[in-house]
Amino acid sequence: MSTMVANQKGFGAKIWDYLTTVDHKKIAILYLVAGGFFFLIGGLEALAIRWQLVEPMNDFVSSGFYNELITMHGTTMIFLAAMPLIFAFMNAVVPLQIGARDVAFPFLNSLGFWLFLFGGIMLNVGWFTGGAADAGWTAYAPLSTTSPGEGVDYYVLGLQISGAGTLIGGINFLVTIVNMRAPGMTYMRMPLFTWTAFVASALILFAFPALTVGLFLMMFDRLFDSGFFDPSMGGNSVIWQHLFWIFGHPEVYILVLPAFGIFSEIFSTFSKKRLFGYTAMVFATVLIAFFGFMVWAHHMFTVGLGPAANSIFAVATMAIAVPTGIKIFNWLFTLWGGSITINTPMLWGLGFIPTFTVGGFTGVMLAAAAADFQYHDTYFVVAHFHYVIVGGVVFGLIAGTHYWWPKMFGKVLNDKLGKVTFWLFFTGFHLTFFIQHFLGLMGMPRRYWVYLEDQGLNLGNMISTIGALLMGVGTIVLLYNIVVTSIKGEKVSGDPWDGRTLEWAIPSPPPHYNFKQTPLVRGLDPLWVEKSEGRKGITPAEPLDDIHMPNGSILPFIMSLGLFIAGFGFIYQKYDLSWLIVLFIGMGITLGAMLTRSLKDDLGHHIHKEDLEKEEAGE
Amino acid sequence: MSDHDILNPKEMPHDPEKATLEGKNKFIGFWFFLGGETVLFASLFGTYLALRNSTNNGPSSEDLFGLGLVFIMTMLLLTSSLTSVYAMYHMKNNDFKKMQVWLGITVALGLAFLGCEIYEFYHYIHGYEFTFRSSAFGSAFYTLVGFHGGHVVFGLLWFIALMIRNAKRGLNLYNAPKYYIASLYWHFIDVVWVFIFTVVYLMGVL
Amino acid sequence: MKGWISKLRTLSLFAFMVLILSACGKENLTSLVPKGYGAEQSFNVMIISILVMIIVFVVVMAIYLYVILRFRRKKGQEDDIPKQTEGNKTLETIWTIIPIILLIVIAVPTITATYDLADTSDQEDAININVQGEQFWWHFEYANEGLQASQDLYIPTGEKVYLNMESTDVIHSFWLPSISGKMDVNPENENSMYIEAYEEGVYWGKCTEFCGSSHSLMDFKVIAVSPEEYNQWVEDMKGTSEQSTPETTTAQEGQELFSNNCLQCHATDANQPSAGPNLANFGDRTTIAGVLDYNKEELVNWITNPAEQKPANGMLDAPYLEEGHIGNEEAEKIADYLMQLQPSEITPESAK
Amino acid sequence: MTENNTTDQLDYHKQKKKEEMKQQVITFVLMIVFTIIAFAMVQSDLDALFVIPIILVLAAIQVGFQLYYFMHMSHKGHELPALMFYGGVFTAFLCIIALAVLVWW
Ligand code: HEA
Ligand code: HEA
Ligand code: CUA
Ligand SMILES: [Cu+2]
């Protein structure tokens, strides 16, 4: 078997294998590891933030460093932790759920990952060259365009590179879901995680270009002296805000919709019921995405757009509560009448419902423009978005980690430790962020390096910091769980949860061709359909035959490396034009790799029928 | 059956670009990509519209734009769109030679367009001292039109690479989708130009 | 409309009593105890929306708890297979329609208040103040009187005061939680908002748009006094000039030092514009540079080492810092001079 | 399917493609005409408020021609591309509104 072969290979060969892989399951692991790593970094930054705020006028870090911390915390968490972790599960699960052997563009899939990784590294290089980005994750001009040093340049180029990776990943999943579904897998039979992956990818496709342009303009302003955001040249800094939020608001739904999908799978599996109101769930997902594009200015209520714009955007924003509510109630009614097992993944799901609901409610409160004049840029907003992002996205990702870990690695994470993680993290979370609503209302703006004594903010901040530490402990337990399970955990079957969807119909971890024979899908929750008819496995749609697979390639890695190198050229040419050489070398490497790719036919290889048969007999 | 046989059937099907799964994937994926590109250019157009009067006492669009050259450029690009349609027509008829010839004409027209654009920029920079750094308007103008120009360059390189690469091999089911999406790209460039000449140049002199 | 809003308010005030009594925030800083028109409007919307949220939350949690308690798998039921319900049209309609209605309940007062707060119809006849945000301090120019003031803004109670705000560098945001919500201060255009304080008092204001190293130290105060007191203050301020000599000798020496080192940026004449804060009534400041306690020691610290108190602030460009001829002794003299700049009877004390 | 049949079919398709090509040439001519009209209107002394909407509409029609004829969006199998493309157009519209209208100072 392929995994056996990999085991026999040396360490170097294994690394080479991962550098060149185009297998979506391995790319999923790469995303999981890299995203998890960045989550720890972002979490560490969060802890530093909280530690600075533990008491008034603290001097744990300097103001400049604090600003770098919040900027990098926000940017890292959103772009380098949450997004890639979502991509990890999309890669690990979506092709399996639709009964596909592969994604539509395996090569581009790998390119997407390496672009993200090199972009992420680029973003963090600033730490070592005299200061990371310090203009907030929103990088409002002119603060960002006038920020000295190279920190913001790294932000711009890092995001540009990793953003390209994300866009590529998004297109890959769109096409995979459109074209690669197994026979019988109609759109309205797709599992909800696949649906949300599809919709989130569409959001990526339409939202990221706005960010791309915004970043280009910012790069031109910072590195090539153009005047887009410079009032003294007639520029206008509000353009950046529009571009950023036209991207930024859909981005939050890009994050949360797949998390919704994960919970839909979990609720349905562990209450042993099909999803209540499937059609409405799909419809609500699409509706959220659609509205998501028309509300961006709710981040700009205080910019001075005028009452007409503010009112329109307020109402449009509130409208999103309706489809989201539909989802909440459908989940509750999925549980209703079910046979509910409360294990770790389910526990995260059950923690999610009240938490996200509160976060959504504060969102609607923020949407009331006249009240947002008070909330805006205070800790009330910080509380809101951590409730939805941590309570929605991070809970979802951790739930997904526990749920799909056996599928990805063949072992179940320890349930006891999982529950310990949950309670620590959950308690810590509410301690940290609930109180922040009040801090905000009591007059604490966000992005404050220090707060003054005697302003009634001390106790709240202290509680908040204690909560953050608890979350840290919870995270460490999770890490411990992963280590222990990897060393000692027992191998499990392909279907440890009595699952309902196709990914549970094949061994864990799946062979690299996923399905020996393409499955025939005969209804929603296809595996459940088969089980309820007394069959063990899924009905195949075709006789056993040769399987066509793509070849691995190092080119994606090289292309991304080239852009990474070029990034330095872009930045440092502002001091010394001889750095242009680096730019050209980098671009040359990338273009060369692209040319190689297009000139060399790559037709993939076949796994022969005979080998598959032998394998079967061997089992 | 080896890949070679699959990709070079005796009879080419009448939609060679979509005959294989890879082809279908490319075809759909590329259209989706164009959807994203639309947003990209819209953001640039929006920025241009927001800044087109921010001339910072430098030259304004009325001072700069002359319609003659733009008209010629438009004709060149529109015609090149038609010639690439001819190329695709011959591709579908499995007439590789004619396809290459028409693509060659397309590339020639594209190069002529590019030449005009370079001349135009040169003229603005040296004749009017109107640069990327003159004003927010200058930045927005060169960025929007330059992004389009960059697309033209990329499209031309893409065509040329395909033509050279496949000159000896002829058409097959592996490269037909590549030709097809390259031509889609070329049309999209034309779509963007239609808006550029309307919004930037025509509205700029009004 | 007004009627039921105020009823709601009484009700909610009761509910919030607990919170407020347990000192939810510092007086004149917290937005939970509104003392001005804008803050009150926002507060009403906040209350309406939070009531709606509480109602929905109760419903959601009721179902949630019922479901978890009732439908947990029990021993001996491991093999039970629940009914695979597909959905329910009636239920789905209910939870689509009811939220829509609830949202309308929030949206209507939101829109009313949003328009109300943006109303500028009586701007011409009102007091207009040009507000300038700068890294990291605030400047206020009384447009009608041509008066300059910094850090502390005096306004009359019970009147709409219009603020026309623009920044000279990056974006700031003007927030006065107890009196009014915030408005951004942009570099490329002027934003207008009005504030109206109901009671006399010294209100804390903060910069809420991330603007750099000392963003968290860009506080200001609004001192609301009675209209009569306000008029007197204006008159007094008009009378300030650089010529007036202080009484004590140290302060006179301080004045000398001040003119040589500081006057290039500051002014002690409220009729004069200046690059740095106007110090004409510095003796009546509530704080130094917006955040430091007002006393001589802090002031000397500030003059000798402004970088320590407020990273990257504009005074770090002062040439005397390089030249190093202002030590503690000189700074104390300057402090004596500055602290006796009390041109008016009307001080923060009057607002209490 | 017999040999004969396939050749027939091929002929049929060839024929169809030819007709289509004719259509495309007509489209092309129309596009040229529209362009000339647009340029001419701008050169004339007509009021800008009158000309701008018209040239924008002309541009939109031209783009429709490109999409539906040159890029074959009128053909079968283009439902999803059309959906996604119009998704892009929708977002594009919002971007332009945002930047052209909401940045009014
Ligand atoms: C995953 C991320 C995520 C999600 C899902 C959301 C969801 C929502 N957000 Fe949030 N938001 C952020 C992430 C997210 N947000 C971030 C990161 C920021 C700050 C960015 C920055 O400035 O740095 C932000 C900021 C932000 C603002 C700007 C605040 C400010 O800066 O002043 C606003 C204003 O309208 C807002 C509103 C909303 C609304 C209405 C929703 C809705 O989608 C919520 C809908 C859900 C519900 C309402 C709950 C369930 C519904 C029911 C049970 C039905 C019944 C309900 C009713 C009748 C009300 N958000
Ligand atoms: C996905 C998004 C995401 C996530 C998950 C988080 C998670 C957390 N965030 Fe944050 N946050 C943002 C997105 C996110 N955040 C954004 C966008 C901003 C705005 C930035 C800006 O203003 O520009 C922000 C801002 C922000 C602030 C406001 C700063 C300010 O305005 O001054 C605070 C303050 O409390 C905060 C705290 C936290 C905490 C305590 C967590 C916790 O949940 C973190 C929990 C995780 C851990 C505690 C990990 C522990 C790590 C270890 C134990 C390390 C082990 C080490 C190794 C093995 C190397 N975040
Ligand atoms: Cu000024 Cu923050
Ligand atoms: Cu938003």
Side-chain angles (χ1 to χ4, degrees), chain B residues 11-15 18 24 27-28 30-52 67-68 70-71 74-75 78-79 81-82 84-86 88-89 92-94 180 183-184 186-188 190-192 194-195 197-199 201-206, chain D residues 6-7 9-10 13-14 16-18 20-21 24-25 27-28 31-32 34-36 38-39 41-43 47-48 51-52 55-56 58-60 62-63 66-67 69-73 75 77-78 80-89 91-104:
Chain B
E11 290 286 354
M12 278 294 256
H14 39 263
D15 272 336
K18 279 174 280 183
K24 275 191 206 121
F27 163 76
I28 296 261
F30 199 78
W31 265 102
F32 290 1
F33 171 73
L34 291 183
E37 285 257 280
T38 312
V39 182
L40 184 114
F41 275 104
S43 305
L44 290 168
F45 271 107
T47 308
Y48 176 80
L49 285 172
L51 295 176
R52 70 191 185 117
L67 291 187
V70 177
F71 185 77
T74 306
M75 288 303 145
L78 281 181
T79 313
S81 213
L82 181 75
S84 78
V85 168
Y86 267 111
M88 287 308 107
Y89 169 71
K92 293 197 180 205
N93 285 338
N94 202 5
Y180 187 78
S183 88
L184 282 183
W186 194 251
H187 292 303
F188 182 76
D190 213 6
V191 166
V192 174
V194 168
F195 278 109
F197 87 68
T198 309
V199 172
Y201 293 100
L202 294 185
M203 279 165 63
V205 296
L206 270 173
Chain D
T6 10
T7 24
Q9 249 185 8
L10 270 184
H13 279 286
K14 259 203 169 124
K16 231 182 110 195
K17 278 176 210 150
K18 242 199 191 119
E20 215 179 279
M21 198 60 233
Q24 280 165 333
V25 175
T27 327
F28 172 73
M31 284 167 67
I32 299 284
F34 283 7
T35 309
I36 293 174
F39 274 88
M41 283 184 76
V42 171
Q43 299 286 28
D47 185 43
V51 175
I52 289 177
I55 57 178
L56 284 175
L58 287 178
Q62 285 210 35
V63 166
Q66 286 273 357
L67 288 173
Y69 293 102
F70 285 9
M71 295 164 86
H72 312 292
M73 216 153 88
H75 285 197
H78 282 69
L80 269 166
L83 180 73
M84 282 298 174
F85 192 80
Y86 281 116
V89 170
T91 319
F93 178 72
L94 290 172
C95 292
I96 291 181
I97 290 289
L99 294 167
V101 182
L102 287 182
V103 185
W104 49 53

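In the text below, chain A, chain B and the rest are named by the order of the sequence lines, each starting its count at 1. Just so we're clear, the structure is a prediction, and the values are computed from it rather than from any experiment.
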For Leu67(B) and Phe39(D), the nearest pair of non-hydrogen atoms, with its separation, is O-CE2, 3.7 Å
Most contact-rich option vs chain B, by heavy-atom pairs under 4.5 angstrom, among His78(D), Met31(D), Gln62(D), is His78(D)
When every non-hydrogen atom of Gln24(D) is compared with those of Leu82(B), the smallest separation belongs to O-CD1, 4.0 Å
Looking only at heavy atoms, the pair that brings Phe71(B) and Ile36(D) closest together is CZ-CG1, 3.7 Å
Assert top hit (heavy-atom pairs under 4.5 Å, partner chain D, pool Val194(B), Leu202(B), Val191(B), Leu40(B)) equals Leu202(B)
Please tabulate, for side-chain N and O atoms in residues 42-51 of chain B, each donor-acceptor pair with protein atoms closer than 3.5 Å (sequence neighbours left out).
residue	atom	partner	partner atom	Å
Ser43(B)	OG	Val39(B)	O	3.0
Thr47(B)	OG1	Ser43(B)	O	2.7

Heavy-atom closest pair (Phe28(D) atom, Leu78(B) atom, distance to 0.1 Å) is CE1-O, 3.4 Å
Closest non-hydrogen contact found for Pro81(D) with Trp31(B) is CB-CG, 3.4 Å
Turns out that what part of Leu58(D) lies under 4.5 Å from chain B's heavy atoms comes down to neither
Whatever's closer than 4.5 Å to a heavy atom in chain D on Thr198(B) counts as both
So CZ of Phe27(B) and CG of Leu80(D): to nearest 0.5 Å the spacing works out to 9.5 Å
Contacts of Phe188(B) meeting ring pair (Phe, Tyr, Trp, His ring centres under 6.0 Å) (sequence neighbours excluded), chain-then-number -> none
